[in-house]
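For reference, the structure discussed in these notes is given below.
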Amino acid sequence: MGGTTPNPASQRTEGFLFFCPPFAHKPTIPNGPSERLSEVMMSDNKQNDQYDNDYRLRHSVAHVMAQAVLDRFPEAKIAIGPPIKDGFYYDFDLGTNEDGSVRTFTPADLTAIEARMRQIIAGRYPFEKRVVSAAEARAEFADQPYKLELIDGLAAGGFDEYGEKIADAAEISFYKHDGFEDLCRGPHVEHTGKIAPDAFKLLHTAAAYWRGDENRETLQRIYGTAWKNKKELKAYLGRLEAARQRDHRKLGKELDLFSTNHEMIGGGLILWHPKGGLIRHLAEEHAKKMHLAGGYDFVYTPHIGRSVLWETSGHLDFYKDAMYAPIKIEGQEYYLKPMNCPFHVHIYKSRVRSYRELPIRLAEWGTVYRFERSGTLHGLTRVRGFTQDDAHLFCAPEQMPAEIDKVLHFSLDLLRDFGFEKFELFLSTRPEKRVGDEALWDAAENALLEALKRSGLSYNINEGDGAFYGPKIDIYVTDALERPWQLSTVQFDFNLPERFDLTFVGADGHQHRPYMIHRALMGSMERFFGLLIEHYGGNFPVWLSPMQVRVIPITDEQIDFAYEIEKELRAAGLRLEVDASDGRMNAKIRNAQMQKIPYMLIIGAREAEAQTVNVRLRNGNRLGTMPVSEFIELARKAIADHSVI
RNA sequence: GCCACCCUAGCUCAGCAGGUAGAGCAACGCAUUCGUAAUGCGUCGGUCAUCGGUUCGAGUCCGAUGGGUGGCUCCA
């Protein structure tokens, strides 16, 4: 999966651009070929052969699949069928059944379609391109309404329906193989025989809206994956399985970390169990220490606020759909907070501010609630109630570059402390619709860009992808399975200081408007926890492991010694427990290992005699026998280093 | 919310063609005291998600509801 990057544009769909850290961004887990080919790949890596080959292959398989579908469902209307990361899909309108219900694919259909595809592949039919006029194209697809709509879009001048120019696609072309011809930009493989019959697989079906618009027709989508050869397909399916094995929902249950209860509590609301709670506590403790050292002040704000607050902030104008209905108290309406910023703004506003006290950095582990459609909820990563490591920076304009620098480094340092090494940064610049004058945008974009350059890390620029209230930098981390997760966001805000009329008194004695920056680094604690679980596969680094050591006496004879060790280790600050059950040693080891406890201290007669412990790691390695003091040193070092073992 | 699939003991799952519920693990009890991933035996535990329908009879078939899982703005 090298060279892939998430597409920050997908954030647009989240509906949380309004002063919002990207808590809700779904991890692009390779559990389906649903990830789009990133814009970076599309634009920058055109010469990349691997990319090009994958594109041709998957696009070609999509055509073959469409043909197979039409063979089985001659009445089907075909929509679009692009290659995507790791695979492809194709959307179809199968019409309705006799009873008027929407016709859909069954698992049996998929099997039959796959079989038919192999026949087509065996035919070694060449893919032939021809360029046609719009009129010809319309005649050709007279009974394909979706294609006609696409042709209309192309005929309008090579622009798509968003008014964006389609790259090198002024002409209308068809690609034909065997009896199937599709409106298509290409390119394709030379002939269907180039597709390895044992290296593709139809994975699942889904409903999708025509052009992603839920007001338009519902289409039936088939997702598939396709690779150069069987080996690569197997490797891909293996990656899917590996991802399933470390799914945070599975591990959350197995390790007793958290749960949800839709019936009694509600979807997207997380119950942190003691072990998960401890991990969160440790993570927060560490981050909070860093914040204090980094010049942040902690504040606490309420969960609800009067409607006038949200009217002033603009949330009720721009964000109401994601907010819970108001609570009426004494004739006043109060809203559950979807963000912390208006409260922090009011702390700033609570008295006159002088340039001498800037920058002011207000931080809060603020719990917010946002409405998410039920179908989009997912474990810890897509929830309705979550806690952000939120902060708002208020500074004088001339302080801004240094603040951006600082917050960027702060974020990277923090994330490195949690074991993340690979980052990708994205700068999103001014969109068409925006507030704030051009000078502000110039200064802010420039400050962000300069900070990115100084960071020495690679970054991408998404022109026009900023929020209407300011540009931003997003940081993605790459986890152990090379999957990108959007975590940190640093966002300029030209809007709230205006709306709340924020000021400070400058050295000149006059009132000035401060700059305001929103930032969340871990994003939401829930989502971050989900990432930690998956990144480590439950094998948390020692400093974060809820249980660090399990002492395993081989027989009852060693239990007293085990408790002596427990006392000593506890005094040294380690979290541990003695397994004094009457199971056999092998069973005790197995239990400890399944709980992913980093250290097992096996003590039998020999160890008790010599006052030593025999150290086994959760990965099966044995460190041998050592005095307790030596083990304590070893464990302390692992904790201080934040190492995994 | 939309589409598909799924919902059987705390967990993971059997239950293939409708005849009235099973296993392993966990928990609990008893025995066992054992050198690096499961000691043995026993006990407890389920109105088969809920409601309705078909049937002499429904975990099994049909429908509705609730919940879960995978997808749902990738542009020909």
Near-strand residues of residues 550-560 of chain A, defined as heavy-atom separation under 4.0 angstrom from RNA chain B: A:I554, A:T555, A:D556

First encountered from the 5' end of RNA chain B, between A:Q593 and A:H59: A:Q593

Upstream residue (5' side of RNA chain B) when A:N591 and A:T625 are each assigned their closest nucleotide: A:N591

State which of [options] makes the closest approach to the side chain of [X].
| X | options | value |
| --- | --- | --- |
| A:R590 | B:G35, B:G71, B:A38 | B:A38 |
| A:T376 | B:C72, B:G71, B:G35 | B:C72 |
| A:M585 | B:C75, B:U32, B:U36 | B:U36 |
| A:I80 | B:C75, B:U39, B:U36 | B:C75 |
| A:Q220 | B:A31, B:C3, B:U36 | B:C3 |

Value in whole Å for how far the [atom2] atom of [N] lies from [atom1] of [X]:
| X | N | atom1 | atom2 | value |
| --- | --- | --- | --- | --- |
| A:N586 | B:G35 | CG | C1' | 8 Å |
| A:Y90 | B:C74 | OH | P | 14 Å |
| A:R221 | B:G70 | CZ | C1' | 13 Å |
| A:D182 | B:C75 | CG | C1' | 12 Å |
| A:Y55 | B:C74 | OH | C1' | 10 Å |
| A:R584 | B:C41 | CZ | P | 14 Å |

Whole-Å P distance, B:C11 and B:U50: 15 Å

Whole-angstrom distance between B:C16 and B:C75, as gauged at atom P: 46 Å

Per-nucleotide protein contact string for nucleotides 45-51 of chain B (B base, S sugar-phosphate only, - none; heavy atom under 4.0 Å): -------

Report the base-pairing partner of [N] (Watson-Crick or G-U wobble, both distances below 3.5 angstrom), or none.
| N | result |
| --- | --- |
| B:C30 | B:G40 |
| B:C61 | B:G53 |
| B:G66 | B:C7 |
| B:C13 | B:G22 |
| B:G35 | none |
| B:C75 | none |

OP1 or OP2 of B:G70 under 4.0 Å from side-chain N/O of A:H378: yes

OP1 or OP2 of B:U69 under 4.0 Å from side-chain N/O of A:R249: yes

In plain terms, say whether [X] and [Y] are close enough for a salt bridge, that is, a side-chain N and a carboxylate O under 4.0 Å apart.
| X | Y | value |
| --- | --- | --- |
| A:R138 | A:D152 | yes |
| A:E241 | A:R244 | yes |
| A:K250 | A:E534 | no |
| A:R239 | A:E482 | no |
| A:D256 | A:K275 | no |

With sugar-phosphate meaning primed atoms plus P, OP1 and OP2, does [X] contact a base, only sugar-phosphate, or nothing at under 4.0 Å between heavy atoms?
| X | result |
| --- | --- |
| A:T104 | sugar-phosphate |
| A:E607 | base |
| A:K253 | sugar-phosphate |
| A:A605 | base |

Qualifying residue, where the test is side chain to side chain contact (heavy atoms under 4.5 Å, CB included) with A:V551 and the options are A:I602, A:D579, A:I603, A:V613: A:I603

Modelled atom types, side-chain donor and acceptor of A:H188 and A:S60, under 3.5 Å: yes

Candidate pair A:Y89 and A:Y223, rule ring-ring contact (aromatic ring centres under 6.0 Å, His included), full reasoning: CA-CA 4 Å; A:Y89 70 78; A:Y223 281 104; 5.6 Å; yes

hbond_proxy A:N614 side chain to B:U36 base (donor-acceptor, 3.5 Å cutoff): yes

Aromatic plane relationship, A:H59 with A:Y55 - under 30° parallel, 30 to 60° tilted, over 60° perpendicular: perpendicular

Option passing side chain to side chain donor-acceptor pair (under 3.5 Å) with A:E181 (candidates A:Q67, A:K176, A:R130): A:R130

Salt bridge (Lys or Arg N to Asp or Glu O under 4.0 Å) between A:D54 and A:R56, intermediate numbers included: CA-CA 6 Å; A:D54 285 349; A:R56 285 169 186 269; over 6 Å; no

Any donor-acceptor N/O pair, A:K77 side chain to A:Y146 backbone, under 3.5 Å: no

